[in-house]
Amino acid sequence: MDRLDGMAVFIRVAEAGSFTAVAEQLGLARSAVTRSIAALEAHLGVKLIARSTRSLKLTAEGEVYLERCREILALVDAAEGDLSGGDRTPRGPIRISVPVSFGVRHLAPLVADFITTYPGVTLDIDFNDRQVNLIESGLDMAIRITTQLDPTQVARRISTSRLLTLASPEYLARHGRPRTPADLAAHQCLGYTGTARATWPYRVDGEMQWVPVGGRLQANSGDALLDACQRGLGIARQPSFIAAPAIRAGLLDVLLVDFPGPELGIHAVFPSNRYLPTRVRALADYLAERIGPSPYWDAGLP
C-alpha cells in the first residue's frame with residue numbers, strides 16, 4: 001500500500017473511529033489497516049492515533065495530518081484531471097445508499113447507464129430506507145428525500161417530487177370524495193409507521209396546516225401503502241415518483257389538488273469534511289442532469 005493509499009485509509013479510520021469498520025468497508029483484514037496506519041506513523045515519526053481498548057482518538061499531530069491528507073488527495077484528484085488534458089474521466093469505486101422505492105424504480109436504471117458510460121467506475125448500492133451515517137458506513141453518497149434537509153449536511157439538490165393524496169375509484173364510490181383536508185377526519189387514512197404525529201400537511205388559504213388523520217393500517221413501506229390504497233383500504237399520501245404509474249393507469253385518483261402539500265426535495269448527500277472524488281461528483285451531476293428540476297414522473301399528472 002503506497003503513501004497516498006495510506007493517507008486515504010487514515011482519513012477513513014479517523015472519521016469512522018474504528019479499524020474494524022474500515023477493514024470491512026475496504027474488504028481488507030483488520031491487520032492490514034493497522035499496518036497501514038503504523039507505517040504512516042513510522043515514516044512521520046509521530047503518533048497519529050491514540051488507541052485504547054474501547055476507542056480511537058486523534059492526537060494533536062493526527063488532527064493536523066488529517067486536514068493535510070484531505071487537501072493532498074483533493075489536489076491529486078485535480079492534478080490527474082489536468083494531466084489528462086482536462087478529461088477527468090470518473091474511475092474507481094463508489095458506495096451509495098438509496099431509499100428502496102426510489103432506488104428500485106428510478107435510480108437503478110440510471111446508475112446502470114452511468115457505469116455503462118464510465119466503465120472505469122464500480123458501484124456498490126445499499127437499498128435502505130434508514131438514514132445511515134455515511135462516515136461510519138463508509139459511504140460516498142446517499143440519496144435523501146425530505147421536505148427539510150438538515151442544514152448541517154453537505155448536499156446537492158438533484159430533483160423534486162410532489163406529495164399526492166390518493167384513493168381508488170372503488171373506495172371513493174363507497175365512502176365519497178373528500179373536498180377539503182378537514183374532510184379526511186371521516187376517512188380511513190393509510191399512514192407511515194413511526195411518524196412523529198398523525199397529521200398530514202396541506203396549504204389552506206395560503207398557509208400550511210397540519211390536518212389530523214387516522215386509520216386502521218400503517219406500514220413502513222410506500223409500496224405496501226400504495227398497494228393497500230389500490231385495494232380500496234383507504235386514502236394514502238404518496239410521493240409522485242411512487243404513485244405516477246398507478247395514477248396514469250386509472251387505478252388511483254388524485255384528491256385535494258387545490259390544497260398542495262410541501263414539496264419533497266431529492267438530494268445527494270455527501271460525508272462532511274471529506275474531499276469529493278471526481279467519480280462521486282460525476283455521479284451526482286449525472287443524476288441531476290438525467291432527472292432534472294422537472295422530473296419525468298410528474299409529466300401529465302393532475
Side-chain angles (χ1 to χ4, degrees), residues 4-28 30 33 36-37 49 55-58 62-63 65-74 76-77 90-104 106-108 110-111 114-115 118 121-161 194 220 264-288 291:
L4 290 178
D5 288 337
M7 289 180 179
V9 170
F10 170 68
I11 291 173
R12 285 184 176 270
V13 171
E15 292 178 338
S18 168
F19 286 110
T20 301
V22 173
E24 291 175 353
Q25 293 168 13
L26 300 177
L28 300 173
R30 185 183 186 281
V33 175
S36 176
I37 300 302
I49 298 175
S55 64
L56 304 176
K57 184 178 180 181
L58 293 184
E63 293 281 1
Y65 191 63
L66 175 62
E67 294 308 312
R68 295 294 182 267
C69 285
R70 287 173 174 149
E71 294 170 3
I72 289 168
L73 291 179
V76 168
D77 192 49
R91 298 181 182 86
I94 307 174
R95 298 190 69 231
I96 64 175
S97 177
V98 301
V100 177
S101 295
F102 180 77
V104 172
H106 304 288
L107 201 72
L110 293 178
V111 296
F114 180 77
I115 61 174
Y118 301 108
V121 169
T122 61
L123 270 172
D124 182 350
I125 308 173
D126 175 30
F127 292 92
N128 196 328
D129 286 331
R130 293 185 299 106
Q131 290 201 13
V132 297
N133 184 298
L134 274 69
I135 292 174
E136 291 179 0
S137 301
L139 293 166
D140 298 298
M141 188 174 84
I143 299 296
R144 298 271 165 82
I145 303 174
T146 179
T147 57
Q148 187 172 5
L149 196 67
D150 185 337
T152 64
Q153 291 180 316
V154 179
R156 174 179 177 179
R157 192 178 181 92
I158 295 296
S159 189
T160 63
S161 181
N220 65 350
L264 292 170
I266 301 175
H267 308 270
V269 179
F270 311 103
S272 59
N273 299 323
R274 181 187 290 179
Y275 75 99
L276 193 62
T278 297
R279 59 187 180 273
V280 179
R281 189 181 305 110
L283 177 57
D285 291 344
Y286 188 85
L287 296 178
I291 301 175

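Positions are given from 1, in the same order as the sequence printed here. Keep in mind the model is a prediction, meaning the values are calculated, not measured.
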Is any side-chain heavy atom of [X] closer than 4.5 Å to a side-chain heavy atom of [Y]?
X: L264; Y: F102; value: no
X: L149; Y: V269; value: yes
X: V33; Y: V13; value: yes
X: L139; Y: P271; value: no
X: L58; Y: I49; value: yes
X: L4; Y: I72; value: yes
X: R12; Y: L26; value: yes
X: Q153; Y: H267; value: no

Query raised in the report: Step by step, would you call I143 with L107 a side chain to side chain contact (heavy atoms under 4.5 Å, CB included)?
Result: CA-CA 10 Å; I143 299 296; L107 201 72; 4.3 Å; yes
Kindly compute the distance separating [atom1] ([X]) from [atom2] ([Y]), expressed to the nearest 0.5 Å.
X: D285; Y: R156; atom1: CG; atom2: CZ; result: 4.5 Å
X: N128; Y: I96; atom1: CG; atom2: CD1; result: 12.5 Å
X: R30; Y: E24; atom1: CZ; atom2: CD; result: 10.5 Å
X: H106; Y: I158; atom1: NE2; atom2: CD1; result: 14.5 Å
X: D140; Y: L283; atom1: CG; atom2: CG; result: 9.5 Å

Which atom pair, heavy atoms only, marks the closest approach of [X] to [Y]?
X: P99; Y: D129; answer: CA-OD1, 3.5 Å
X: M7; Y: C69; answer: CG-SG, 3.6 Å
X: A282; Y: P90; answer: CB-CG, 3.5 Å
X: A21; Y: S18; answer: N-OG, 3.0 Å
X: V132; Y: S137; answer: CB-OG, 4.0 Å
X: A16; Y: V22; answer: CB-CG2, 4.0 Å

Query raised in the report: Parallel, tilted or perpendicular: which fits the ring planes of Y65 and F10, with parallel below 30° and perpendicular above 60°?
Result: tilted
Query raised in the report: Checking side chain to side chain contact (heavy atoms under 4.5 Å, CB included) for the pair F114/I94: CA distance, chi angles, key distance, verdict?
Result: CA-CA 12 Å; F114 180 77; I94 307 174; 4.1 Å; yes
Report task. Could you walk me through whether I115 and T122 pass side chain to side chain contact (heavy atoms under 4.5 Å, CB included), step by step? Result -> CA-CA 7 Å; I115 61 174; T122 61; over 6 Å; no
**Report entry** Side chain R279, main chain P93, donor-acceptor under 3.5 Å
**Finding:**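 Checking the backbone N and O of P93 against the side chain of R279, a donor-acceptor pair under 3.5 Å is found.
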Query raised in the report: Taking only residues two or more places apart in sequence, or in another chain, which ones meet S101 in a side chain to side chain donor-acceptor pair (under 3.5 Å)?
Result: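 If we apply the side chain to side chain donor-acceptor pair (under 3.5 Å) test to S101, skipping adjacent residues, the hits are D223.
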Report task. Apply side chain to side chain donor-acceptor pair (under 3.5 Å) to S161 and list each qualifying residue two or more places apart in sequence or on a separate chain. Result -> S240
Query raised in the report: Sequence neighbours excluded, which residues qualify as salt bridge (Lys or Arg N to Asp or Glu O under 4.0 Å) partners of R157?
Result: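 For R157 the salt bridge (Lys or Arg N to Asp or Glu O under 4.0 Å) partners, ignoring immediate neighbours, are E263.
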Query - salt bridge (Lys or Arg N to Asp or Glu O under 4.0 Å) partners of R130, counting only residues at least two apart - result: none
Query - Listed once per pair and sorted, the salt bridge (charged side-chain N to carboxylate O under 4.0 Å, His left out) pairs that draw on residues 92-101, sequence neighbours left out - result: R95-D124
Query raised in the report: Of all residues at least two apart in sequence or in a different chain, which pass the ring pair (Phe, Tyr, Trp, His ring centres under 6.0 Å) check with F270?
Result: none
Report task. Could you walk me through whether I266 and L287 pass the side chain to side chain contact (heavy atoms under 4.5 Å, CB included) test, one step at a time? Result -> CA-CA 10 Å; I266 301 175; L287 296 178; over 6 Å; no
